[in-house]
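Contents: one structure, followed by commentary.
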Amino acid sequence: MSFLAIQFLTGLSGSVSLFLMSAGLTIIFGVTRVVNFAHGSLYMLGAYIGWSILTRLPHDPLWFVGGVLAAALATACIGAVIETTLLRRLYRAPELFQLLATFGVMLVIQDLTLLVWGPNDLPMPRAPWLRGSVTIFGDHFPAYDLILIAIGPTVLAALLLLLNRTRFGMLIRACTENRDLAAALGINHRILSTSVFALGAGLAGLGGALILPDSSANTQMDLAVIVEAFVVVVVGGMGSISGAFLASLMIGELQAFGIVLLPGATLVLVFVIMAAVLSVRPRGLLGDAPIPSAVSATGKPMRPVSPRIQLFGWGLVVLAATAPFWLPPYWLSVLTEILIAAAFASSLHLIMGPGGMISFGHAAWFGLGAYGSALMVRTLGAPMPLALVAAPLIAGLLAVAFGWFVVRLAGVYLAMLTLAFAQIVWATATQWTRVTGGDDGILGVWPSGPVPFFWWVLSLSVVSIWLLQRVARSPFGLVLIAARDSEARALSVGLRADRLRMVAFAVSGAAAGLAGGLFVFATGSVFPTYVGVGKSVDVLLMVLLGGINTVIGPIVGAFAYTGFYDLLLQTISMWRLALGLTIITLVLTFPDGLAGGWRRSRS
Amino acid sequence: MLTRRTVLGTAAALAAPAAGRAQPAPIRIGEINSYSAIPSFTLPYRNGWQLATEQINASGGILGRKLEVISRDDTGKPQDAVRLAGELLDEQKVDILAGGYLSNVGLALSDFAQQRKRLYIAGEPLSDALVWQKGNRYCFRLRPSTYMQAAMLVEEAAKLPAKRWVSVAPNYEYGLSTVKWFKALLSAKRPDVTFVGEQWPGLGKIDAGATAAALAEPKPDAILNVTFGPDLTNFVRQGNTRGLFENRSVVSVLTGEPEYLEPLGDETPEGWIVTGYPQAQVTTPANTAFIAAYRARFSAVPGMGSIVGYSLIQSIAAGIRRAGALDADKLIDGFSGVSFETPFGPASYRAVDHQGTLGTFVGKTALRDGKGIMVDWHYSNGAAYLPSDQEVQALRPSAG
Amino acid sequence: MTLLSVRDLTKAFGGNKVVSGISFDVAIGEIVALIGPNGAGKSTCFNMLNGQIRPDRGAILLDGTNIVSWSPDRICRVGVGRGFQIAATFGSLTVRDNVRTALIARQRAMWRFFRSASGVFTTESDALLDRVGLSLLADQACGTLAYGDLKRLELALALSNQPRLLLMDEPTAGMTVADRRKVMDLMLALTRETHTAVLFTEHDTDAVFRTADRVLVMDKGALIAEGVPAVIRSNAAVQAAYLGC
Ligand SMILES: Nc1ncnc2c1ncn2[C@@H]1O[C@H](COP(=O)(O)OP(=O)(O)OP(=O)(O)O)[C@@H](O)[C@H]1O
Ligand SMILES: [Mg+2]
């Protein structure tokens, strides 16, 4: 009994910083529609700034409160700067394009943090009053955790008051519910966006500073929290602060009790919960705002590829076929990787562009193909060609099964469900050691020789991309786009939008699986990192960077992103800073994506 | 932080006197590590290998040639490590690959090295598989593996009266295998011991309060801790406040390493049995000289990473000297059984499984002047904590 | 001959009864207007008839088959066409591709993955566009059309499956007076030709009384009157509902 009570309280206190993070995220999303990838970075900055302030202040409670608030304020200012200098210029770009920008910001902040605060974890020495405990049912319970437990509802109440009782709050709600209407009513969206972003950033900073008595400021904390914060926002219902509160409580408690019942399940618990909630409530617990479509039908038609560009493309393919004769081996391996990336990105493009479904978990199919073919080789002794047939089949079949759940959702909810599935695949890869080798992966899956293998990659990637492009232009592709543009209209001319999407999902999954299968032989191995969030984000960035509105976008994006990344990695140690700044610059210069930008500059 | 350019700059500057004269090209080591993903370990590590390289070159290099280290950041991903290893071999024409922090990066590099028939010397990766189940003749590993670290700690743990044990370890390969070995080895020595609970927090995501409470619930006598880094700080703070460590023995892997002990500050729990590095307390000539040189070069105190980086390069130099040539087969012969000097004292690469016999320090934690230190420590030589050659050979099915 | 037969159709949104137990019939080839003040529940009715919304209670019989709980695409396939109050078209496609999409759907040709969409149903699409007078705009992106043309396009889409019953929610909303008349006449001409029944709503009462064979009047979710235009025009209850006195 006492254990249950203690664990319950622990769950409550654990949910507080999660709530502060996600409350900020959800408000920002509501008003600006920005999926803020840099929110974890703001949280991290809150912790580092808090550390710098608090370690210089006297150790009594009042100074602590002052220091924490100062850290939150400083983070809010940083948020305002990010919004005014960067995001503000992007509100008119296709939705989710801002995601690219915030990803760039995240990379920049990672290196800047390292530069300013150094590589070591920075723990704040705890004042005696922060170390104290109270006795509850005969067990020690940290006094500071009780304070945290009180902070959660206090902030919730303050935010609800702000939203419901002030003019500022009324404007926020108006914008969250209906942006166009709010704009029509003459609400100054600029000032509102900036202040909302600052508010959200401040909340993240507050969350970051408040963890200092419990843990150190460290360089890994941004990524450690961001995904979970997204989960909370989505489970709660996007834009709903009470929802975020409820969801963070729920996840806090489920963590606290989950690790008792299923200690091994820590990696997947939250994602299983999210998948379960979304299957029952497609808009989260308290989400009733209209679902914003992630990739909105911008009204811009899909750009056809002009015959000249097609010719140019085939010319490049022929040139690439001769590459083994003149390209040094390392650059051949880079080209191999780029081709695979292009095939992977093209597979995502089918569901994101024509399909209108954004995926945060596309690495799931890539990884399934990779594991599928690696296992074919290692356990069944299959030759490479057979393994490469199996890869798309396995990925495609599972994509059908999973697509059935996914297509019933929309927008960011759909995206998060794909993430949940990818995380479940990832956790399986990590923990089913007997089959997958766990973190150590499966090794020694090499092709017979690098040059013939390059031709394999070239031909299969080109065929895969060519087929995907054909599919996008086929009657199927046309009706898929139609269903994206207007689901109601599609249904009433007799199209089953969900089935179309499911098939698109399966085709895309199979193509991604093929890319994964090829990648196994390119690196000789497969690891859970192939299914990781990082891999999903990479491919998303390629598609966004290239531009959604044309089928060559993902190819351009894959070349640019993979090429830059590989190049930076081997030339400078602050590659994150460089990559981040490059992404930000590109986003500001080409708000239609690289392929789109190029066309525009020509016309 | 140093940028790679400055690192290469130093290497170039050192090689500069050679420029005008017809001096042989330097021997190139291609080094790969998780610089951006795990900076708290890898930056002291970089200092370590830089220092070793400079010392070796100052004393005339190897086989009459300078040593040059070309370093790359694997970002914590094995796929990047493999690609960069290709770049180092094909573009930079390095003679030997080295480095690695994460086990899977180490395994990927080892497999790549085998594929390309080139040597790979792993510094930090602790996975047993690296030299055993997935061991191959091209791969050598410097640090004591999870098995060895577990064996060293079990020696002390077996002396404790504790019978009921719980464990907490990060939910990935390193944590899983350490707990597995610790259980197996301790149960073999102490059949009366039972393990009554386990916690597997995600790496970097520990829910410390809940984990501490869940560990206390089965009323254990002792705790095995495998968490490190930020997770460890959180865990110790919650454990202290909640009285988890009161009247309990704690055995903890790596916690005595300065990188992980320092952040605990004045909250360092006393009396934990740990592996680590007591820095200046170790007054052997080798260690004292190393610390002095390190301090002079970087105005900092070396961490465990510095030891690994430094010893890695020293071991490579010794291996090349013994081989007398740079082709893979000669190098393998040269490295197998080679002895080399480290700040911890002499060590060697075993011929039977290419495992380094570098040991580590086992001792207890204590608080002095608001800082955590190791006391009652002794050096455990790695050679003494390995299974018999026969057992090892059985574990190495794939190595030729 | 009755084509559509609605019985006791009911829908509430969160306790708020929007359509409460209405019943009516539509005969084959009959033109029926459903009118009522804003918020009467007309659009909700339409949404239930073509399956966008599932009613809480009641039956919708099409040719004697109860189609309640059928999905919109299935309802479409048994011959019901639909126009929306706010024109719903495929915004990023050209006018021709909009119609082509509808024809692909009708011919169940969407599972063709490898041939080019631009080669299917082009003549059929152009023929349909010709009928609604959009031939000249066929290659234009649908997002650039004037609202009147958009409504015409919607009419083409609604007619693409050669429906037996056409449901048009305010087919002329948001158009100029001159345009309204044209579109209304076009709709009538096209449906008379094929003997298609039409159920439509319209706020322009003149147009209603001029074109409808029969008029249904809704207010606050209930059917308050029903009859030929002349009778409805003089119905006191209808006047009360409209004038709000
Ligand atoms: N999805 C919904 N959720 C809640 N209320 C709804 C919903 N759809 C419609 N309503 C409400 O039901 C009532 C009837 O709406 P409906 O759109 O059917 O009216 P209408 O007769 O078509 O009006 P109008 O002439 O303005 O188009 C309105 O009060 C409306 O606010
Ligand atoms: Mg209406």
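Quick caveat: nothing in here was measured; it's all calculated off a predicted structure. Lettering follows sequence order; numbering is per chain, from 1.
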Problem - B:Y260 versus chain A, the contacting section by heavy-atom distance below 4.5 Å - result: neither

Exercise for the section: Measure from NZ or CZ of B:R118 to the centre of the six-membered ring of B:Y138 and say whether it is under 6.0 Å with the direction within 45° of the ring axis. Expected result: no

Practice task
Go through the steps for A:D222 and A:Q110 under the test side chain to side chain donor-acceptor pair (under 3.5 Å), then give the verdict.
Solution key: CA-CA 8 Å; A:D222 53 346; A:Q110 277 178 338; 3.0 Å; yes

Problem - Heavy-atom pair count under 4.5 Å with chain B, highest-scoring of A:D214, A:I211, A:V260, A:D139 - result: A:D214

Problem - Max heavy-atom pair count under 4.5 Å with chain A, selected residue of B:N171, B:N104, B:T233, B:D90 - result: B:N171

Problem - Engaged part of A:R131 at the chain B interface, taking heavy atoms whose separation is under 4.5 Å - result: both

Problem - A:D538/A:K535 ion pair, N-O < 4.0 Å - result: no

Fill in the blank from the handout: Most contact-rich option vs chain A, by heavy-atom pairs under 4.5 angstrom, among B:A108, B:A208, B:G204, B:G106, is B:A108

Exercise for the section: Using modelled atom types only, decide if a donor and an acceptor are shared between the side chain of B:R237 and the backbone of A:P213 within a distance under 3.5 Å. Expected result: yes

Practice task
Kindly assign one of parallel, tilted or perpendicular to the pair B:Y45 and B:Y35, based on the angle between their ring planes and the thresholds 30° and 60°.
Solution key: tilted

Problem - B:Y174 and B:F228 aromatic ring geometry - parallel, tilted or perpendicular at 30°/60° bounds - result: perpendicular

Practice task
With a 4.5 Å cut-off on heavy-atom pairs, point out which of A:S525, A:S216, A:P125 contacts chain B the most.
Solution key: A:S216

Problem - chain B contact via A:F257 - which portion, at a heavy-atom distance below 4.5 Å - result: neither

Handout entry: Interchain contact, B:A37 with chain A, by part (heavy-atom threshold 4.5 Å)
Key = backbone

Problem - Side chain, backbone, both or neither of B:S36 within contact of chain A (heavy atoms, under 4.5 Å) - result: both

Exercise for the section: Please look at B:D80 and chain A and tell me whether the side chain, the backbone, both or neither of the residue comes under 4.5 angstrom of a heavy atom of that chain. Expected result: side chain

Problem - Pair B:T241, A:R126: side-chain N/O donor-acceptor within cut-off below 3.5 Å - result: yes

Practice task
State, without any angle test, whether A:D121 and A:Q220 hold a side-chain donor-acceptor pair at a distance under 3.5 Å.
Solution key: no

Fill in the blank from the handout: Interface check, chain B: of A:N218, A:D440, A:T523, A:T219, most non-hydrogen pairs under 4.5 Å belong to A:D440

Fill in the blank from the handout: Whatever's closer than 4.5 Å to a heavy atom in chain B on A:P528 counts as neither

Exercise for the section: Say whether, by atom type as modelled, one donor and one acceptor occur between the side chain of A:Q7 and the main chain of A:A256 under 3.5 angstrom. Expected result: yes

Fill in the blank from the handout: Comparing B:Q238, B:Q115, B:K77 against chain A, the one with the most heavy-atom pairs below 4.5 Å turns out to be B:Q115

Handout entry: Residue selection (most heavy-atom pairs with chain A, distance under 4.5 Å) from B:L84, B:D207, B:D266
Key = B:D266

Exercise for the section: Measure distances from B:P230 to the heavy atoms of chain A and classify the residue's part below 4.5 Å as side chain, backbone, both or neither. Expected result: both

Practice task
Ignoring hydrogens and angles, tell me if any N or O in the side chain of B:S306 forms a donor-acceptor pair with the backbone of B:G303 under 3.5 Å.
Solution key: yes

Fill in the blank from the handout: Honestly, the part of A:F519 sitting under 4.5 Å from a heavy atom of chain B is side chain

Handout entry: Atom group of A:L262 that falls short of 4.5 Å from chain B, counting heavy atoms
Key = neither

Problem - Heavy-atom pairs under 4.5 Å with chain A, option from B:T211, B:L107, B:L203, B:V82 with the top count - result: B:L107

Practice task
Could you tell me which of B:E259, B:Q199, B:Q92 has the largest number of non-hydrogen atom pairs under 4.5 Å with chain A?
Solution key: B:Q199

Exercise for the section: Taking the six-membered ring for Trp and the single ring otherwise, decide whether the centroids of A:W129 and A:Y144 are under 6.0 Å apart. Expected result: no

Practice task
Measure B:A129 against the heavy atoms of chain A and call it side chain, backbone, both or neither at under 4.5 Å.
Solution key: side chain

Exercise for the section: Please confirm whether A:F271 and A:W426 have ring centers closer than 6.0 angstrom. Expected result: no

